[in-house]
Structure formats: structure tokens, C-alpha cells
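A short worksheet on the structure shown next.
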Amino acid sequence: MKTIYFDNAATTPVRKEVLNEIMPYFSDIFANASSVYDIASQSRKAIEKAREQVAKAIGAQKDEIYFTAGGSESDNWAIKGTADALSKKGKHIITTQIEHHAVLHTCEFLEKHGWDITYLPVDEYGLISLDDLKNAIRPDTVLISVMFANNEIGTIEPIAEIGKIAREHGIYFHTDAVQAAGHVKIDVKEMNIDMLSISGHKLGAPKGIGALYVRKGITISNLIHGGRQEKGKRAGTENTAGIVGLGKAIELAVEEIDETNSYLTMLRERVIKGITENIDFCRLNGHREKRLPGNVNISFEFIEGESLLLLLNSKGICASSGSACTSGSLDPSHVLLAIGLEHEKAHGSLRITLSKENTVEEVDYLIKELIPIVKRLREMSPLYEDYLNGEKAV
Ligand SMILES: *Cc1c(COP(=O)(O)O)cnc(C)c1O
């Protein structure tokens with residue numbers, strides 16, 4: 001059976017063009033970029049070219065890009081690095097309830113060390129309110145961290161407006177752009193972004209490589225102490241192959257962004273239409289327009305997302321759900337709870353995240369298989385039975 005991959009927000013395969021580009025850096029051009037011989041200067045040049053590519057993709061300057069080991073590290077660095085550098089100025093951070101755990105758990109860690117964190121709520125579409133943000137700002141606020149686009153429901157936050165508010169108040173603004181980079185147009189200067197996190201494996205580069213943009217003129221403490229790589233701010237021998245891959249992948253993604261996004265939007269709308277028109281008692285989560293082109297997140301009443309995933313898997317379809325059972329917890333997604341879903345509905349959700357490798361045929365196959373799966377799960381569901389009995393009673 002063919003595997004159909006609809007989980008591109010979890011990770012993406014390394015693109016062929018990217019793989020070709022990085023292969024020499026595992027073998028022929030393997031030298032440590034800090035060494036003095038010729039092949040080392042080839043490593044150095046490749047790293048600096050990639051830095052240029054990443055900078056260009058987000059409207060930054062080359063010397064504002066630092067390579068890291070991924071999105072989680074970039075988020076940790078931005079937040080802990082700011083906290084360490086500015087603790088004398090104040091110990092208050094504003095973030096949101098729907099951040100990735102790389103941000104949320106970092107903030108919780110700081111809370112244990114005497115920091116005060118405001119977790120802004122979101123509306124039913126997953127958007128923060130700019131008034132809430134303004135009201136949360138205090139004299140001791142040193143950082144605002146709001147994600148660019150949400151990884152579960154695809155909602156795109158008003159980043160330029162947030163940046164403007166942060167700049168007016170002289171507060172650092174970090175955004176976790178792991179789902180947005182290469183997928184949505186980003187200009188860090190226009191949007192007044194001070195720090196921005198990127199991860200390679202969400203955009204066709206390998207896992208274990210990422211970047212943090214740090215605007216020139218702002219100070220954050222170093223995260224990894226050691227050698228002088230990345231201007232001494234992030235020590236450790238450079239992951240040359242990963243870095244080259246990130247540069248190439250983000251350059252390609254940005255070159256193709258309009259074409260990819262109109263294709264993904266077409267596929268996305270076909271999934272949404274196909275599901276909502278053929279299956280009762282379901283709703284689209286997230287914002288209708290302010291949404292990542294490849295994201296669909298739908299809640300189905302009366303059923304469990306996990307069972308849905310297992311049955312889809314038996315048809316060769318890889319998707320994701322809104323509950324965190326896979327991580328050993330039965331809690332429903334904090335994001336779906338934050339947009340106001342009841343526990344049952346948050347449990348019965350399905351996330352489909354598309355890439356340009358997906359086809360109309362695959363989408364139609366998903367819909368064709370999903371309809372009987374939902375029907376079958378509902379027939380076995382005590383919640384659905386209760387509902388039907390209730391209907392009869394009325
Ligand atoms: C995947 C993801 C991360 C973590 O990135 P890694 O490179 O896997 O560490 C952080 N934030 C968001 C929004 C993500 O989707």
C-alpha cells in the first residue's frame with residue numbers, strides 16, 4: 001500500500017535539490033570550518049553562503065543570523081537569553097496560551113526562577129487581541145513572544161501590529177516562525193521583529209538544524225558556551241551539511257512561495273469542502289483566511305482523534321490529531337482548549353498538513369476513506385448513541 005503523507009507540520013522530507021547540495025559536506029568537504037587548510041575554507045564559505053540565504057529569505061542582514069540545532073533551541077535561546085540579559089530591567093514576559101511547548105515550557109522554567117509570565121488568551125479563531133497585549137504591558141516587561149503561525153490550527157497572528165507595539169514600548173519582540181518561515185512572506189525589518197526562530201526540518205532541510213535571527217542592536221546572553229563559533233554566542237563545531245541544507249531549502253521555498261501557496265490553498269480548500277460537506281457534526285478549527293495555506297484542522301463530534309488516526313493509518317494515510325496521547329498524556333491539545341473547544345471536541349480532531357508533493361488524487365482518497373471511518377467510529381461511540389437517544393426524546 002502506498003503511504004500518503006499529510007503531516008508536513010510535524011516534519012518534511014529533505015528535498016532532492018537540498019540533498020544533492022549537502023552531500024559533499026559529509027565526505028569531500030568535511031573539514032572543521034575553524035581549521036586553516038583549503039578544505040576548511042570551503043566549509044566556511046558554504047556556511048557564510050547559507051547565512052546569506054537565510055538572511056535574504058526573511059529580510060535580515062547576514063550578521064543577524066545564528067545557526068542552532070533547531071526550532072526548540074532557537075526558542076529557548078531567544079527567551080532565556082533575553083531573560084538573562086535583561087533581568088535587572090524587569091522580570092516580566094508576555095506570551096500566548098497557544099505557543100509551541102518549546103516556548104511554553106521555557107516560560108514555565110523561568111517562572112520557577114522568579115519570572116512573571118502573562119499567557120495571553122486567544123479568540124475562537126486562535127488570534128490574540130492587540131488590546132489584551134497593550135493592557136498586559138508593564139514597566140517591567142522585557143519580552144513579548146508570540147508565534148508567527150500556529151502549528152496545530154494554522155492561524156497566522158498579526159505579527160507586524162505586535163512588532164509595532166513592542167517597538168513603541170521598547171520591549172524585545174521574539175516570534176517562533178518555525179511554521180511560517182518559507183511558507184509565509186516574512187520581512188523582519190518591516191514587521192519590527194527583534195528575534196525570529198526557524199527550523200530546517202519544517203521546510204525541506206534536515207532535522208537538527210535551525211536558526212535564530214537576532215536584530216543588530218539588541219543584546220541576548222549566549223546560550224552554549226565553548227568555542228568561538230557563531231561569534232562565540234552559540235559554540236560547537238558547525239553542522240556544515242545541515243547549515244548548507246537550511247540555506248538551500250529556505251532559498252527554494254521563498255523563490256517558489258507564490259506558486260506553492262496557490263497550489264496548497266487549492267488543495268486545502270478541497271479538503272475542507274470535501275470533509276465539511278460530506279460529514280455531519282464537524283467544524284473547522286482556526287481562522288478561515290488568516291491561515292497557513294497547507295493547514296486543515298477539523299473537529300469531529302462524538303469520536304476520538306486517536307482512533308481516527310489509527311484507522312487512517314490502516315489506509316496508508318499519515319495525519320495528526322489534537323490530542324497529545326502520543327506523548328504519554330491524555331490531555332487534549334492546549335491550543336484547541338484555548339480556542340474554546342470542550343474536551344470531547346478537542347479530542348476528536350484531525351490535522352491534515354499539506355505539501356506541494358501532495359496531489360488532488362491523494363486528497364480525494366483521504367475524503368473517500370474518511371467518510372466511512374467517521375461513520376464507523378460514531379456507530380461505536382456511546383456519546384453518539386446518547387446524542388441520538390436525546391434527539392428521539394425531544
Ligand atoms: C516544530 C516546531 C518547533 C520545534 O522545532 P524543532 O526544530 O523540532 O526543535 C517549534 N515551534 C513550532 C511552532 C514548531 O512547529
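Whatever order the structure lists them in is the order used to number ligands and atoms, beginning at 1.
When non-hydrogen atoms are compared, ligand 1 lies under 4.0 Å from neither the backbone nor the side chain of Asn150.
With hydrogens left out, the protein atom closest to atom 11 (N) of ligand 1 is Asp176 OD2, 2.7 Å, a heavy atom. Of the protein's non-hydrogen atoms, Ser199 OG, 2.6 Å is the one closest to atom 7 (O) of ligand 1. Summary of contacts: the protein heavy atom closest to atom 14 (C) of ligand 1 is Lys202 NZ, 3.0 Å.
When only interatomic distances are considered, the shortest N/O to N/O separation between Gly70 and ligand 1 does not fall below 3.5 Å. Residue Ser72 has at least one nitrogen or oxygen atom sitting less than 3.5 Å from a nitrogen or oxygen atom of ligand 1, judged on distance alone.
Residue-ligand proximity, Val178 to ligand 1, at heavy-atom distances under 4.0 Å covers atoms 1 (C), 2 (C), 3 (C), 10 (C), 11 (N), 12 (C), 14 (C), 15 (O). Within ligand 1, the atoms closer than 4.0 Å to a non-hydrogen atom of Asp75 are 10 (C), 11 (N), numbered from 1 in the order shown. Every atom of ligand 1 with a heavy atom of His201 under 4.0 Å away is listed here by number and element: 6 (P), 7 (O), 8 (O). Those atoms of ligand 1 that come under 4.0 Å of a heavy atom in Gly71, given as number and element, are 5 (O), 6 (P), 7 (O), 9 (O).
With Asn285 contributing its side chain and Ile153 its backbone, the two residues share no donor-acceptor pair below 3.5 Å. Not one N or O on the side chain of Ser299 forms a donor-acceptor pair closer than 3.5 Å with the backbone of Arg283. Proximity of a side-chain donor or acceptor of Ser197 to a complementary backbone N or O of Asp176 within less than 3.5 Å is not detected.
Judged by the 6.0 Å distance and 45° axis criteria, Lys80 is positioned over the aromatic ring of Phe109.
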For this session: Could you check Lys315 against Tyr365 for side chain to side chain donor-acceptor pair (under 3.5 Å), going step by step and ending with a plain yes or no?
Result: CA-CA 10 Å; Lys315 301 291 176 187; Tyr365 174 74; over 6 Å; no
Problem set entry | Intermediate values then yes/no, salt bridge (Lys or Arg N to Asp or Glu O under 4.0 Å), Lys56 and Glu52 | CA-CA 6 Å; Lys56 194 165 167 234; Glu52 188 101 47; over 6 Å; no
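Counting heavy-atom neighbours within 6.0 Å of His343 NE2, excluding the residue itself, gives a total of 12 or less.
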